[in-house]
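It should be emphasised that the depicted structure is a prediction, and the values quoted were computed from it without experimental measurement. Values below: all heavy atoms of this structure, side chains included; hydrogens, waters and symmetry mates excluded.
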Amino acid sequence: MPVAQGTKLGQYEVQDFIGQGAMGLVYRAYHTQLERTGAVKVMQAISPDADTVARFRHEAQAIAKMRHPNIVDVYDFGEFEGTPYMIVEYVPGGSLAGRMNQGKLDPATALKYLHGIAAGLDYAHDHGVVHRDVKPANVLLTSDDAPVLADFGLAKLLQGTSLKSMTGVTTGTPAYMAPEQVTGSRVGPASDRYSLATIAYEMLTGVIPFDGEALMELLYAQVHREPPAPSSREPSLGPEVDAVVMRGLAKDPDARWESSKAFVDALAAALSGAPAPAAAKTMVLGPAVASTVPIARAAVAERVVAPTQPATVAMAYPSPNGQEATPPARRPRRLNRRRLVGIAAILVLLLVLGVCAIVAQATTLTVTPDRATLGQTVRISATHVPANQVGEIQLWSVVHTYPFRADAGGNVSLDMTIPRDIALGDHVVKICWGNTCHKQAALQVVSGVAEAQPTPVANQTPTPGVTPSAGSTSTPTAHPTPTSGSTPRPTSTPGSTPRPSPTPTSTPPPPPPPTPTPTQNPCPGNSNAVTLTPATQSVLLGGIANFTGSNFTPYSSVTLSYYAPQTAPTPVKTWSVKASCSGSFTTSVTTNGGVVRTDKVVACEVVKGCATAKINIVLGLL
């Protein structure tokens with residue numbers, strides 16, 4: 001929805017159109033009384049329903065309260081014809097993305113930007129605000145070349161919007177998203193610090209951690225793969241830099257740096273060759289003494305004074321004639337050696353027992369029943385989970401999450417309703433905590449007909465000696481039953497009241513429904529690795545290469561990427577196909593012309609990963 005020039009938004013008058021981003025349109029506006037220029041962001045990506053607008057106001061108020069030199073100021077916010085807008089500080093120096101597109105940054109420049117971004121993030125985190133979309137395009141540069149963070153918290157506003165809007169926002173940002181963002185888990189300050197480490201990686205190496213990946217490959221890699229060490233991309237970087245950056249990119253949020261400043265300070269020390277802040281300085285030590293002082297605190301010490309000697313010291317008593325007494329011969333220390341051997345044996349035994357205990361206490365996960373229909377509720381049970389552990393149950397292929405809290409005994413039990421929007425076939429249920437999934441179990445989703453159970457029909461063959469009543473649907477008993485209209489026989493107990501037999505009333509019951517025949521699961525899937533065949537084929541320059549995919553998740557969306565040559569950092573073409581009920585598909589790609597070479601095609605889905613096939617480009621076929 002465009003805004004005409006001269007439109008008044010609060011105290012600001014719209015002047016001209018600046019550009020369009022994932023959130024919507026951006027205009028330059030001017031406050032006449034304050035003589036201040038601002039940037040108006042019309043949030044077209046946010047659905048205008050009442051709930052979303054209320055969340056927008058709440059988020060905008062939290063952002064507007066922040067005042068920091070490395071965070072864009074929010075001047076005003078409101079609604080224009082039902083669409084939310086926000087007026088923020090106008091920063092004319094471009095973005096960090098434009099600066100990085102000019103080439104790799106030298107370490108000093110990179111650290112200057114990183115220090116500013118880190119200061120802004122830590123300030124926001126201290127005030128309970130998480131950015132959720134830290135990337136170079138959201139870091140603006142002032143006229144003094146200082147970094148300023150923009151679009152704080154706006155990604156959160158898209159959580160209730162349509163899939164179309166969400167796709168538009170996330171398509172450009174997966175390279176900087178933390179694993180927990182990809183899987184839909186809880187997002188916190190550690191997610192922003194992961195994005196900051198990704199920016200640092202790109203600044204120092206010139207490429208993002210998972211460079212050259214298609215969208216589906218990239219999302220899978222963010223969750224399941226470790227990125228190459230920075231030194232493998234830029235040989236001038238040492239192992240100290242690798243250690244700092246790779247900790248920032250840890251899959252587990254708890255394993256990352258405790259603050260953005262701590263990360264940048266450690267990176268600066270690693271780049272300068274000085275020991276990282278988390279490492280102790282070189283110290284002169286006395287005899288080995290057990291210490292409980294943390295390494296980080298010991299770093300302030302330059303020297304450690306050796307401990308005083310014991311007060312009681314064994315010495316030879318002087319002889320009466322002034323001669324030194326000959327010290328008595330030492331007894332062999334066999335006892336001590338035997339004692340050491342015994343202690344070592346005990347330690348080994350304890351270690352073995354500990355390993356056995358760990359194996360015996362391995363987490364278990366069961367799904368009951370393991371074959372269910374859409375909309376049916378199944379019971380998820382787990383044992384040997386850490387006491388009171390908080391985590392989530394994940395249902396793949398399209399990820400659905402169900403939070404849980406283990407009891408004091410480490411047991412988990414919850415009911416999970418099978419979503420009606422997932423495909424039939426084999427699925428996986430995982431139990432996860434600490435950003436790691438520790439166990440998984442299979443779940444087969446079938447059609448409703450397949451779950452019907454046979455029902456006994458009324459006209460069963462009667463048991464010998466039993467005469468069923470006309471039209472009776474009751475189960476015959478072992479006693480002879482009188483015919484219709486007869487008087488029931490009394491029981492063997494004298495004086496008891498005769499009990500009537502289960503003779504039906506004059507109105508016969510409706511006939512029982514026909515017995516449904518159980519059917520096989522139409523899309524069972526399998527656990528085999530995905531394949532793309534033929535694995536290698538020869539094609540003329542500019543010819544067509546045909547492929548068949550197998551063992552993919554039934555009805556899953558498969559993304560294919562064509563690289564020419566196979567070592568190309570980015571694909572020449574990317575397209576998507578849908579796997580069939582059997583998990584297979586056929587597709588083709590027209591190869592590029594040029595020179596003789598080897599190309600490749602990569603097919604990926606979120607659940608089972610990727611398969612690769614090669615294309616030998618030749619001048620002629622024999």
Side-chain angles (χ1 to χ4, degrees), residues 96-97 100-101 104-105 110 114 132-139 155 167 169-185 187 190-235 237 241-253 255-257 263 267 399 435-437 530 532 557-576 600-612:
L96 180 59
M100 293 171 64
N101 287 337
K104 185 175 58 178
L105 302 182
L114 292 172
R132 290 179 171 82
D133 196 18
V134 178
K135 58 183 179 180
N138 280 340
V139 179
T167 302
V169 173
T170 59
T171 300
T173 59
Y176 305 93
M177 292 171 65
E180 59 269 22
Q181 289 179 276
V182 176
T183 59
S185 303
V187 175
S191 305
D192 286 348
R193 292 194 281 269
Y194 181 98
S195 302
L196 179 63
T198 303
I199 294 176
Y201 188 110
E202 185 178 10
M203 284 180 171
L204 297 175
T205 65
V207 294
I208 57 178
F210 298 106
D211 185 41
E213 307 280 4
L215 177 59
M216 295 297 290
E217 290 180 275
L218 180 55
L219 293 174
Y220 183 87
Q222 291 283 35
V223 179
H224 299 288
R225 286 166 43 193
E226 294 296 332
S231 61
S232 67
R233 301 282 182 80
E234 175 51 58
L237 302 175
V241 175
D242 289 345
V244 173
V245 175
M246 297 302 282
R247 177 179 171 184
L249 297 175
K251 303 299 183 187
D252 183 359
R256 298 171 198 156
W257 292 93
F263 164 67
L267 183 61
V399 182
N435 207 41
T436 301
C437 293
V530 294
L532 196 61
S557 177
V558 181
T559 299
L560 294 104
S561 303
Y562 169 53
Y563 295 82
Q566 62 176 343
T567 56
T570 56
V572 175
K573 179 183 179 182
T574 300
W575 71 104
S576 297
K600 72 175 179 180
V601 171
V602 181
C604 295
E605 60 144 306
V606 173
V607 178
K608 302 183 72 174
C610 304
T612 302

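When side chains are defined from C-beta on, M177 does not count as touching L218, because their heavy atoms never get closer than 4.5 Å. Looking at P136 and E202, their side chains come closer than 4.5 Å, going by heavy atoms from C-beta outward. L267 has its side chain within reach of V241: a pair of non-hydrogen atoms, C-beta onward, lies under 4.5 Å apart.
Only one option out of E180, Q222, R256 pairs with Y194 in a side-chain hydrogen bond (donor to acceptor under 3.5 Å, both in side chains); it is Q222.
Residues D242 and P230 share a closest heavy-atom pair of OD1-CD, 3.1 Å. The minimum heavy-atom distance linking Y176 with I208 is given by the pair OH-CG2, 3.9 Å. Nearest heavy atoms, P209 versus P228: O-CD, 3.4 Å. Considering all non-hydrogen atoms of both residues, W257 and R247 come closest at CZ3-NH1, 3.3 Å. When all heavy atoms are compared, the tightest approach of S557 to E605 is O-CB, 3.9 Å. Pairing each heavy atom of P227 with each of M246, the nearest pair is O-CE, 3.3 Å.
Y220 pairs by the side chain to side chain donor-acceptor pair (under 3.5 Å) definition with nothing, not counting sequence neighbours.
The backbone N or O of C610 sits nowhere less than 3.5 Å from a side-chain atom of E217 that would complete a donor-acceptor pair. The closest donor-acceptor contact from the side chain of E234 to the backbone of L204 lies at 3.5 Å or more, if one exists at all. Remark: the backbone N or O of N138 is not paired with any side-chain donor or acceptor of D133 at under 3.5 angstrom.
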Before giving the answer on side-chain contact (heavy atoms from CB on, under 4.5 Å), spell out for V134 and T198 the whole-Å C-alpha distance, their side-chain angles and the decisive distance to 0.1 Å. CA-CA 9 Å; V134 178; T198 303; over 6 Å; no
One pair to check against side-chain contact (heavy atoms from CB on, under 4.5 Å): R233 and D211. What are the steps and the verdict? CA-CA 11 Å; R233 301 282 182 80; D211 185 41; 4.2 Å; yes
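Taking CG of L249 as the reference point, atom CZ of F263 lies at 7.5 Å (rounded to 0.5 Å). Expressed to the nearest 0.5 Å, how far CZ of F210 lies from CD of E226 amounts to 7.0 Å. The CD1 atom of I199 lies 10.0 Å from the NZ atom of K135; values are rounded to the nearest 0.5 Å. Between L105 atom CG and L114 atom CG the span is 8.5 Å, to the nearest 0.5 Å.
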